[in-house]
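Written below as C-alpha cells is the structure these notes are about.
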Amino acid sequence: MPQSILDTMPTLSMANSGKADFAQALGESFHRFGFAMVRDHGMDRALIADGWEKAEAFFALPEAAKQTYNAAANGGQRGYTAFGTEIAKDATENDLKEFWHVGRDLPAGDPLAATMPPNVWPQEIAGFQDSFTRLYAEFDRVGGLLLSAIALYLGLPENWFAEPVHNGNSILRLLHYPPVSADAPGVRAGAHEDINLITLLLGAEEGGLQLLTRDGEWLPVNPPEGALVINVGDMLQRLTNHMLPSTSHRVVNPPPDRRGFSRYSMPFFLHLRPDFIIDALPQCVSADNPRRDPPISAHDYLRQRLMEIGLIKT
C-alpha cells in the first residue's frame, strides 16, 4: 500500500497547464479519489501568512472572550464554535476542534440575505476583519477557476457554474485542533463527507488528514507546502449523479511526538446559491447510472445536513 497520497495522486499546476489539460487532470483525480492537490493557485502568500497569524491569535484568547462570539444562535454559520461542539454524521464522539466561520455579506434587501446571517468580527484582533474579508475573496476567486475546469471536464460551458454559485452561501472556516492527550476520546475530526460543492483547503501540510480509498484503505494526504487540497462535496456528487464522488475523510490524532502541538487549517466550503435546485445533470444520467437522488434546493439540503452534524438543533 502507498505510504502517502503523493505516491499515487499527482500535484496539479494551475499555471503550467492548458485549460483543457488541467480540466482533464483535475476531473480524473476527482473521479479516482474525490480529491486533488493543486499548486500555483495564485493566492497571495503574504495574505495567507497574515491569516495564519491572526487565526492563532484569536484561538489563543481566553475562552470567555471567544464565547462572546458564540455562533449557536445562527446555526454555527458565523463566528465562533467551541471545542467539542461538532460531531461527524453517525459518530459517537464529538470532534476535538474549535473553529471560526466567515461568510458572505449581502447588501440589505437582497432576496438571499434571509438565508445568510451577517458576519461577526472579534474586536480583540486588529485587522482581523480586513484580512479575512480579503482571504474570503481570494478563495472565492480561485474556487471559480476550479469550477470552470470542472465544467469543462463535464462537457459544460466553461462559465456554467458562474450563476449557480453567484452569492452562494460559501464559508471560510478557521480551524484549530488543540494539543491532544494520550487518552483523548475520539479524534480531531471524525470520518465525514463535506456538504458543499467543493472544498479548498490550506494547511494540510501538518499531518493528520486522511482520505478513504475505493479499496477501503485510509491514505494520508500530505500536500507540498502552500498547495491547496481540493475535494468534491456532496452537492457536486448529487449534481453529477455520483460520477464525481464525495469521499470520506478524517483528521486523526497525531503521533506521540506531535501530541503537544496544535494543528491549524483553513478550509473554504464553496456553496451553491441557496435557491439553486440540485438535480442530476442530464449527461451524468444513463441506463448504467440511473438518477440516484431527488431534486432539492441548496438551502434545504444544507439545513438538513447541519442538523445531522449538530450545528442546528431543530
Side-chain angles (χ1 to χ4, degrees), residues 41-86 95-108 110 113 115-144 167-180 188-189 196 199-206 208-209 223 225-229 251 258 260-271 311:
H41 44 73
M43 292 183 68
D44 186 332
R45 293 184 180 182
L47 180 59
I48 293 169
D50 182 62
W52 290 128
E53 182 179 314
K54 287 180 168 57
E56 290 187 32
F58 172 77
F59 290 118
L61 291 173
E63 188 63 25
K66 292 185 287 189
Q67 285 289 3
T68 61
Y69 306 102
N70 191 299
N74 60 59
Q77 295 303 285
R78 305 290 187 270
Y80 177 65
T81 295
F83 180 84
T85 299
E86 190 172 73
D95 290 346
L96 306 179
K97 66 189 182 190
E98 58 180 340
F99 53 88
W100 180 278
H101 276 171
V102 178
R104 190 180 307 280
D105 280 320
L106 294 177
D110 189 288
T115 64
M116 299 185 208
N119 277 306
V120 296
W121 303 104
Q123 300 305 304
E124 295 86 350
I125 313 298
F128 190 99
Q129 178 175 354
D130 177 67
S131 292
F132 288 108
T133 298
R134 291 165 59 205
L135 262 173
Y136 186 101
E138 276 287 89
F139 273 110
D140 218 13
R141 178 184 64 80
V142 175
N167 282 347
N169 195 10
S170 299
I171 294 287
L172 173 56
R173 173 179 285 189
L174 316 178
L175 259 171
H176 174 224
Y177 303 92
V180 179
R188 280 179 158 172
N196 44 288
T199 300
L200 291 70
L201 173 69
L202 286 173
E205 297 93 337
E206 175 71 29
L209 178 62
E225 184 177 358
L228 284 165
V229 173
V251 180
R258 296 296 298 174
F261 294 85
S262 286
R263 183 183 191 274
Y264 296 90
S265 66
M266 205 181 295
F268 182 76
F269 302 114
L270 200 162
H271 276 266
L311 292 182

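Computed from heavy atoms alone, side chains included, the values below leave out hydrogens, waters and symmetry copies.
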D130 backbone acceptor or donor facing T133 side chain under 3.5 Å: no
If you measure from NE2 on H41 to CZ on R141, what distance do you get to the nearest 0.5 Å? 10.0 Å
How far does CD of E56 sit from CD1 of I125, to the nearest 0.5 angstrom? 11.0 Å
F132-W100 aromatic ring centre distance below 6.0 Å: no
For the pair R104 and D140, find out whether any cationic side-chain nitrogen is under 4.0 Å from an anionic carboxylate oxygen. yes
Minimal heavy-atom distance between Y136 and V102, with the atoms involved, is CE1-O, 3.6 Å
Can you tell me how far the CG atom of L202 sits from the CH2 atom of W52, to the nearest 0.5 Å? 6.0 Å
Short side-chain to backbone donor-acceptor contact, Q123 and W121, under 3.5 Å: yes
Any sub-3.5 Å donor-acceptor pair from E124's side-chain atoms to L61's backbone N or O? no
Minimum heavy-atom distance between S262 and P178, given as atom pair plus value: OG-CA, 3.8 Å
Once rounded to the nearest 0.5 Å, what's the spacing between atom CZ of R263 and atom CG of L96? 12.5 Å
From F268 CZ over to T199 OG1, what is the distance, rounded to the nearest 0.5 angstrom? 10.0 Å
Would the distance check show the side chain of S170 and the main-chain N or O of H271 forming a donor-acceptor pair, the cut-off being under 3.5 Å? yes
Would the distance check show the side chain of H176 and the main-chain N or O of F83 forming a donor-acceptor pair, the cut-off being under 3.5 Å? no
Any side-chain heavy atom of Q77 within less than 4.5 Å of one from N169? yes
Would you call M266 and L135 a side-chain contact if the rule is heavy atoms closer than 4.5 Å? yes
For G76, does its backbone N or O pair with a side-chain atom of H101 as donor and acceptor, under 3.5 Å? yes
Can you find a side-chain donor-acceptor pair between E63 and Y80 that sits under 3.5 Å? yes
Contact summary for P223 and V229, nearest pair of heavy atoms: CG-CG2, 3.6 Å
Roughly how far, to the nearest 0.5 Å, is CG of L106 from CG of N167? 5.0 Å
K66 side chain vs F58 backbone, donor-acceptor pair below 3.5 Å: no
What's the shortest heavy-atom distance between L174 and F128, and which atoms? CD1-CZ, 3.7 Å
So, for T81 and A71, which heavy atoms are closest and what is the spacing to 0.1 Å? OG1-CB, 4.1 Å
Here the pair of heavy atoms bringing L201 nearest to S265 is CD1-CB, 3.8 Å
Under 4.5 Å between any side-chain heavy atoms of F139 and L228, yes or no? yes
